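Throughout, protein chains are lettered first and strands after them, A, B, ... in sequence-line order, and every chain is numbered starting at 1. None of the values given here were measured: they were computed from a predicted structure.
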Amino acid sequence: MDPLAKVLNPPQLEAVRHGEGPLLILAGAGSGKTRVLTHRIAHLLREGLARAPEILAVTFTNKAAGELRERVRKLVGASDAERMWVATFHAAGARLLRREAEALGLTRSFAIYDDGDQLAEVKRAASDLGFDAGTAKAHLSRIDKWKNAGLLPAEIELPEYDVPGKTALKVYAKYQAALQSSNALDFGDLIVRVVELFKKRDDILQNYAQRFRYILVDEFQDTNPAQYQLLRLLSSVHGNLCVVGDDDQSIYRWRGAEVDNILDFARHFPGTRTVRLEQNYRSTGRILAAAHSIIEKNERRAEKKLWTAAGDGDKLRVVVAEDERDEGARIASELYAQNARGTAYSEMAIFYRANAQSRSLEDALRARRIPYRVVRGRSFYDRAEVKDIAAYLRLCVNPRADGDLLRIINTPPRGIGDTTVDKLRASAIRQGLSLWESLEDPELPSNVRSKLLPFKALIEKLRSGVSASAADAIELVIEGTGYADRLRLEGEEGEERLENLMELVGAAREFDRAWNGEDPVTTAPEPAPPPKERPLVPNPLTQTHGQYMRAVRAPGALGSASLTDDAPGLKPDMSAALAAADRDEADTPLLGFLEQLALVGDADAEGGGDRAALMTLHAAKGLEFDAVWMTGLEERVFPSGRALGQTGPTASGAEDPAELAEERRLCYVGMTRARKKLTLTLARCRSLFGELRFNQPSRFVRELSPDLTEGLGALERLAERPQWGAQKTDDDFDQRPRYPGDPPTMRNKMRFSRDEPASKPPMKEAAPGVDRVGSGSRVRHPTFGVGTVEGVDGVGPARKLEVRFGPGVGLKRVLARFVDKA
DNA sequence: TATTGATTGTTTTTT
DNA sequence: ACAATCAATA
């Protein structure tokens, strides 16, 4: 019998063994799709259906790409794994475009603009055209939509009456031209411009379409039309396109994702074999049944129903809280109780619809001293100081980058104000040159030139001083531009920014090392922490959270760590993996690091230690936890007020069925994250946008069957109570009529502290949060190793510690959030 | 050029 | 509530 049959169930096996032709794998939540993808890739190689370089596997997140790459590597070995393309859509696009840049009139060192750069550029485009720059956001959202749809300006036709559309289109054309002359691309371009390239140059398309004999796509339900076009083109020669996804988990419609891509796949690719993965290996029967009862109300979906061989499990629970503070307090005490019963905090998660909801939850957890981490976007790399430094570096590498030049020409302030900049821009436009080239335009007034020339000299000095090393380059910029000096003058906040830049240097240092295939430094004077068969490497990307991972080194390859089934909690080393993928495309570690800065956030950073996770429902996709709390199950919160036509600019009073279907999918995604325990909470009233609101319980809880759920009784009691109009203050709140069984008022709460135990629960040893690190503690810093705290300044994770590290490092001031308890 | 007061719009944000 | 952004001001 095929040994594969031991690790795969029949439909999984069918998907893995499918040979040529289009393949659609409808993979329900927790049905083992990554396993299928990895085994399928291994199968293709083993059966000689493809050689490694002929395989292209695309995902949406860096995390997914890293995980896939790693798991494939474990199956097929490092040398094959390195020769295939396993990347995010955007990384693959960037890689391809760097190779073919000339064909689009770009150079290999084009810059990748992020949202902020994009908005700035759109503003300039709009104001150059004489439009109000205040409308830039609206234009940008149209531009993004066009790009998601795969439409470049020339291909867009608008009806005469669409006046705002016409304006946006003009801005789009101008914006696109500005990017082109800046030798820059935005995220959307990383896809659309590949499509453009393929349409324009059939020879190049043929080259890639021939090469990629087998293409595999993860999370296909999230593809936008541009990505879909790209896949169509790339698979046009061999037709071996395998897509994996779950239409029920499509939650990015608002970003241009098109569920129809997956729903109509079989129709668009004749001869498609469809495989359904419906056996769930994650959740209990009740959780699956409840999730199904929510999702089955959606009309257009690929019929499938998850089942599990595991038991029914506990009932879901609904908790009705008084307000958001009460909601937080109850959840916090439940977390505490769960933990006392043996569930690690790291196995618990709290989800919310909108980031704004995290505040009250965090307050409650902090009050209870429950260790947590908030999973957010790319917060670290989005800091202004990091982006400033990146702009300097990009300008050094790519002088045509007008956006980067404008960003830093007066940062730190060097007397180059708006008027000077305007004159420079006018000159550049007049002569059709880049800003950089115009810096010494002899026609500029001498007072303007006298300001610009020193700036030019500064950049030239940097450019000649910048070496291959990313870390050295960053240090040179920080010190050489006066940026550091400026921050040092700014006190408290400047200090912190400087610390952040030091972290950036640390990340770059690690990246350099990985690039050069050197062993990562272990500064720790004592034996490296957990004795694994390999040394532990700080992940440069995730080091802000002090995470450590196992280094696995392939011969002659870059370091990359493994995400293994046997090592839960260890995540792949993204930067090293990215370094490996792009090494032949980028020439130096500096260029590689810049690429990483653009394409990889620190979002994937998993906080070390035993902490509960807080995140939006969107951020939860792809994750799983033993116990999950979904919060804010109230109409206008979840489903969001926008889907109900109640909030925002599109507020029409009418529900938007498409939006509501997406909210439903979001609910489905959230519920299917839970392995064993699922709790849904709502608050009777909640302050939202500054006013106190009494929201109806969400339809998603009202729809739950009592067979599956406990605590529904509270909903009915709630319905019997009269509703009050909006009440603005706590005083009003306290003077509401009292009903038997009502929780105490706010004021009472302060006195009696209903939910808070009289004495604070003692901190558990298992929670190595940074909060209790003080003088004398031994701490571990990802860059500096292990040291002893000698001083503390401030409170919370943002406080600074003076730490005495080992020899060669000495006394350093570091942010508490960057260290872990040693 | 930096500071201020008013105004604005607040879902989600893989890259 | 609240932050972020912008126009007017010193």
Could you work out which one of B:dT13, B:dT10, C:dC6 sits closest to the side chain of A:F689? B:dT10
Will you find, in the side chains of A:Q176 and A:D189, an N or O donor that is under 3.5 Å from an N or O acceptor? yes
With a 4.0 Å cut-off on heavy atoms, is A:K147 in touch with a base, just the backbone sugar-phosphate, or nothing at all? nothing
Taking the nucleotide of DNA chain B with the nearest heavy atom to each, does A:L617 or A:D418 sit closer to the 5' end? A:D418
Roughly how many Å is it from CD1 in A:I251 to P in B:dT15, rounded to a whole number? 13 Å
Hydrogens and angles aside, do A:T411 and A:D388 bring a side-chain donor and acceptor to less than 3.5 Å of each other? no
Rounded distance in Å - CG (A:D117) to C1' (B:dT15): 13 Å
How about A:Y252 and A:E219: does a side-chain donor come under 3.5 Å of a side-chain acceptor? no
Atom P, compared across B:dT13 and C:dA4: separation rounded to whole Å: 16 Å
Of the listed nucleotides (B:dA2, B:dT14, B:dT12), which one gets closest to any side-chain atom of A:F60? B:dT14
Rounded off to whole Å, could you give me the CG-to-P distance for the A:D144 and B:dT14 pair? 14 Å
Roughly how many Å is it from CZ in A:F351 to P in B:dT13, rounded to a whole number? 13 Å
Taking for A:H618 and for A:G415 the nucleotide of DNA chain B with the nearest heavy atom, the one nearer the 5' end belongs to A:G415
Does a side-chain heavy-atom distance below 4.5 Å link A:R686 with A:Q357? yes
Spacing of A:H90 atom NE2 relative to B:dT14 atom C1', expressed in whole Å: 9 Å
When rounded to whole Å, the CG to P distance for the pair A:L666 and B:dT14 reads 14 Å
Could you check which of B:dA2, B:dT15, B:dT10 has an atom nearest any side-chain atom of A:D115? B:dT15
Between B:dT13 atom C1' and A:L140 atom CG, what is the distance in whole Å? 13 Å
Of the listed nucleotides (C:dA1, B:dT14, B:dT15), which one gets closest to any side-chain atom of A:Y252? B:dT14
Contact class for A:S640 vs. all strands (heavy atom < 4.0 Å): base, sugar-phosphate, or nothing? base
C:dC6 phosphate, OP1 or OP2, under 4.0 Å from A:K137 side-chain N/O: no
For A:N355, answer base if it contacts any base atom (sugar-phosphate contacts may also be present), sugar-phosphate if it contacts only those atoms, and nothing otherwise; contact means non-hydrogen atoms under 4.0 Å. sugar-phosphate
Are B:dT12 and A:W254 stacked, with the base six-membered ring and the side-chain ring centres under 5.5 Å apart and planes under 30°? yes
Counting heavy atoms from C-beta on, name the nucleotide in B:dA2, B:dT12, B:dT14 closest to the side chain of A:P413. B:dA2
Taking the side chain of A:R359 as its heavy atoms from C-beta onward, which of B:dT14, C:dC2, C:dA1 lies nearest to it? C:dC2
Please assess A:R699 against A:E663 for the test salt bridge (charged side-chain N to carboxylate O under 4.0 Å, His left out), listing each intermediate value before the final yes or no. CA-CA 11 Å; A:R699 60 195 71 194; A:E663 297 288 311; over 6 Å; no
Residue A:R255, side-chain atoms from C-beta onward, closest of B:dT13, B:dT12, B:dT10: B:dT13
Any side-chain N or O of A:N62 under 4.0 Å from OP1/OP2 of B:dT15? yes
Could you state the atom-to-atom distance from CE of A:M630 to C1' of B:dT12 in whole Å? 14 Å
Presence of salt bridge, A:D485 and A:R488, under 4.0 angstrom: yes
